[in-house]
Amino acid sequence: MTDLPKFNISINDSNAIIAISGRLDSTGTATLLQNVSQKISRATCENLIIDLEDVSYLDTAGATFISHLKMFGKRQGFKDISIINLKSEFSTLVDLAKALQQKDYSDQIPEALSFVEKKGKSASDVLIETKEFITYTGEITWALIQSLKHPTKIRWADTLIVAERAGVDALPIVALISFIVGLVMAFQAAIPMRMFGAELYVANLIGISMVRELGPLMTAIVLAGRSSSAFAAEIGTMRINEEIDALTVMGIDPIRFLIVPRIIASTFITPLLTIFSNLLGMLGGALVITSMGYPIISYYNQIASFVKWNDFAGGLLKCFVFGILIAATGCIRGYQTQSGPSAVGISTTRAVVTGIVLIAIFDGIFSIIYYYIGI
Amino acid sequence: MKQTGTAIRVENLYAGYDNTPIIENVSFEVFKGEVFVILGGSGCGKSTLFKHMIGLLPPISGDIIILDENLSSATGKHKNLILQKIGVAFQSGALFGSMTVMENIQLPLKEFTQLSESSIDDIAWLKLKLVGLEKNAFLMPSELSGGMKKRAALARAMALDPSIIFLDEPSAGLDPITSAELDHLITDLASSLGITFVVVTHELASIGTISDRIIMLEKNAKGIIAAGTSEQLKKDLSNPYVYNFFNRTIDKGEK
């Protein structure tokens with residue numbers, strides 16, 4: 001399509017006449033104004049006449065061009081600017097484009113905030129959000145206590161479905177990650193330990209670190225990424241679809257209905273998954289040790305003599321708390337979902353971030369407590 | 001602005017999903033500059049036909065010819081060129097939620113033209129003025145009411161000055177006044193700018209106001225059961241379904 005518009009400037013007494021021909025569309029007008037304006041600025045006439053007789057097509061882009069040309073003429077100091085030979089089918093658009101002179105956004109553009117205002121706003125947002133988070137935590141705790149007082153009111157069918165989706169279905173990924181971490185850690189540790197002839201003590205390292213720290217922590221982080229985000233997305237979508245409002249109006253407490261089953265499920269599956277994680281991590285270590293020529297029974301004996309039951313119990317106790325944290329952050333972030341297309345995305349991201357941060361903080365708290373009570 | 005000629009020609013179209021036709025052997029023509037209404041009850045294949053006409057679904061067989069070019073057989077760049085000649089306003093508006101109303105309208109202009117920023121800005125503003133939203137240019141779609149969303153969607157559909165605009169259920173979910181305003185806007189744009197409109201709807205109130213010609217689809221017939229102006233269809237007694245539809249009556253005693 002090379003049907004670009006052409007223009008011709010002629011001077012007649014005190015009038016400069018621009019005759020434009022061809023298609024005035026978005027392709028044709030892209031550079032036309034620049035070309036025309038370079039020529040007109042040289043002409044020194046009183047009036048400007050725009051002749052549109054040979055224009056074969058004109059759309060909004062063309063009408064905008066005409067309007068721009070007129071405004072340019074005005075700035076150049078032409079006394080009178082007129083359009084001649086305008087075809088009737090184009091007049092609607094050319095008339096419409098006249099309105100561009102009244103275009104004024106000034107009352108619509110929101111005022112920009114100063115640096116101090118921006119910082120103040122984000123600080124107040126954080127405070128409001130933290131307050132909300134604490135409120136919801138309280139509400140959830142209360143709903144949990146109520147549910148435990150009346151266990152028949154807990155939606156057990158839902159709880160089992162959540163347990164299956166967040167627990168059983170997460171088994172492969174938890175198993176894979178734990179096995180590989182156990183394997184890699186054992187392998188990396190075995191190389192320097194071999195120099196002292198102490199490869200077998202890798203078993204102690206794997207056993208204690210998996211049971212006390214890595215098993216619970218890895219399981220919790222995988223679940224934060226996998227289940228917490230899913231909870232936030234589910235509840236966030238329900239929030240946007242007004243399903244939560246519907247529950248409230250029906251007189252059903254959404255926290256008891258939606259959040260309690262998820263928290264109960266998550267609290268029970270996290271320790272179970274952690275036991276698997278511990279086992280698989282140790283199996284990974286076993287693979288390395290047996291490949292170095294030690295019998296598997298010595299690996300087992302080494303771990304069994306070194307890792308105590310209270311190490312195992314300490315690890316599991318953490319998992320109950322991690323389980324509550326994972327479900328609660330996911331649900332609360334979902335519950336806080338605002339409107340808009342990116343709202344659910346924001347909620348899920350925040351659920352995962354808050355979940356992981358809280359897991360790390362609580363893991364630190366547990367380490368200090370265990371240290372003081374001598375576990 | 002009356003024009004002559006055919007804007008869209010649908011020939012022997014079999015359309016549906018997974019090779020199971022929902023509409024069979026449908027042929028019709030849409031003339032330039034008219035408001036053409038596709039009508040029918042729920043589940044009759046209106047939306048399926050609509051999706052085929054805007055190139056979202058390939059026909060099982062048959063052709064859809066838009067402005068003398070075959071959309072059904074076009075692929076890649078050629079198909080995109082044909083699609084640039086049409087504008088589509090979806091039922092929900094389908095405005096991009098992360099952009100302001102203004103940016104939504106500027107998007108096709110920025111993607112497909114070489115116009116300067118100020119020209120794009122002005123063209124987008126003119127489109128907003130056409131639909132009466134120039135005072136709401138900087139709002140996000142989530143801040144708009146239902147009627148405003150539909151008008152913004154119409155403005156975006158018009159961004160590249162298409163000669164054909166497809167509207168899916170423009171009046172659905174709107175109050176009678178807003179709906180009437182939108183109908184007025186459609187007839188106004190059709191008559192002043194010569195835009196061809198293809199409107200899918202089942203709102204009786206707007207059909208009378210906007211339509212030049214109507215085709216009516218029916219589920220069991222898997223195709224067109226009536227065609228004509230709204231006056232003609234309203235008086236049509238030959239097909240009880242058409243009569244019941246237009247007169248909001250039901251067959252008593254019949255299943």
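Chain letters run A, B, ... following the sequence lines, proteins first and then strands; every chain starts at 1. Note that the structure is predicted; figures quoted are calculated from it, not measured.
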Side chain, backbone, both or neither of [X] within contact of chain A (heavy atoms, under 4.5 Å):
X: B:Met102; answer: side chain
X: B:Ser119; answer: both
X: B:Glu134; answer: backbone

[X] atom [atom1]: more than 12 heavy-atom contacts under 6.0 Å:
X: A:Gln338; atom1: CD; result: no
X: A:Glu242; atom1: CD; result: no
X: B:Gln114; atom1: CD; result: no
X: B:Ile177; atom1: CD1; result: no
X: A:Lys87; atom1: NZ; result: yes
X: B:Lys51; atom1: NZ; result: no

Rounding to 0.5 Å, atoms CG (A:Asp59) and CE (B:Met158) come to a distance of 12.5 Å
When rounded to the nearest 0.5 Å, the distance separating OG of B:Ser192 from CG of A:Leu96 is 8.5 Å
What one should report as the nearest heavy-atom pair of B:Leu115 and A:Ala61 is CD1-CB, 4.2 Å
key: Side chain to side chain, A:His68 and B:Ser118, heavy atoms closer than 4.5 Å   = yes
**Prompt:** Can you find a pair of side-chain heavy atoms, one from A:Thr92 and one from B:Leu193, that are under 4.5 Å apart?
**Reply:** yes
query: Looking only at atom types and distance, does a side-chain atom of B:Asp161 sit under 3.5 Å from a main-chain N or O of A:Thr60, one as donor and one as acceptor?
result: yes
- request: Classify the side-chain pair B:Asp122/A:Thr64 by whether it contains a donor and acceptor separated by less than 3.5 Å.
  value: no
Cut-off 4.5 Å, heavy atoms of chain B, and the answer for A:Ser342 is neither
Ranked by heavy-atom pairs below 4.5 Å to chain A, first place among B:Leu139, B:Thr113, B:Leu126 goes to B:Leu126
